[in-house]
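Here the structure comes first, spelled out in structure tokens, and everything after it is commentary.
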Amino acid sequence: MKFGREAKVGIGVAAAYRASGQTRAEFCRKQGIPVTTLDYYLRRDAHHSQQKLVPVRVVQEAAPTKPGSGFTLVLTNGLRL
């Protein structure tokens, strides 16, 4: 998926709309864009906001738990990969 200049502008417009407190029609009239374009930017922004990075904690164990494995990923629910 492309994430170039146009996408960044769209996400900026979506953020500006949310911060404005205006209705969609008011905001679009002042910005000079169609409501459908704002709706597109809002949908696209919602899709990108679902893809978030999460913090991780790196812990070095004394020795690998199994021979040949030097990496274990432990999820928040306790599942070890």
Side-chain angles (χ1 to χ4, degrees):
M1 175 183 283
K2 284 203 268 182
F3 195 72
R5 184 177 145 344
E6 285 183 26
K8 291 177 184 173
V9 168
I11 290 173
V13 170
Y17 161 69
R18 287 191 181 104
S20 73
Q22 298 171 331
T23 66
R24 289 173 29 245
E26 289 172 334
F27 180 82
C28 290
R29 199 171 25 257
K30 288 185 179 182
Q31 296 297 317
I33 61 173
V35 175
T36 54
T37 301
L38 176 62
D39 291 342
Y40 170 77
Y41 290 151
L42 291 170
R43 280 192 309 275
R44 188 175 180 125
D45 184 45
H47 172 73
H48 286 295
S49 66
Q50 292 173 359
Q51 302 173 1
K52 292 188 177 183
L53 298 176
V54 296
V56 296
R57 185 170 49 104
V58 178
V59 178
Q60 183 173 353
E61 295 181 358
T65 55
K66 294 181 182 177
S69 69
F71 177 79
T72 304
L73 176 65
V74 182
L75 303 178
T76 55
N77 64 0
L79 181 64
R80 297 172 71 87
L81 304 174

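Given the structure is predicted, the values throughout are model-derived calculations rather than measurements.
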Report task. Search all heavy atoms of Phe27 against all heavy atoms of Ser20 and return the closest pair with its distance. Result -> CD1-OG, 3.8 Å

Query raised in the report: What pair of heavy atoms forms the shortest contact from Cys28 to Val35, and how long is it?
Result: SG-CA, 3.6 Å

Report summary line: Rounding to 0.5 Å, atoms CD1 (Ile33) and OH (Tyr17) come to a distance of 10.5 Å

Query raised in the report: To the nearest 0.5 Å, what is the distance between CD (Gln31) and CG (Leu38)?
Result: 9.0 Å

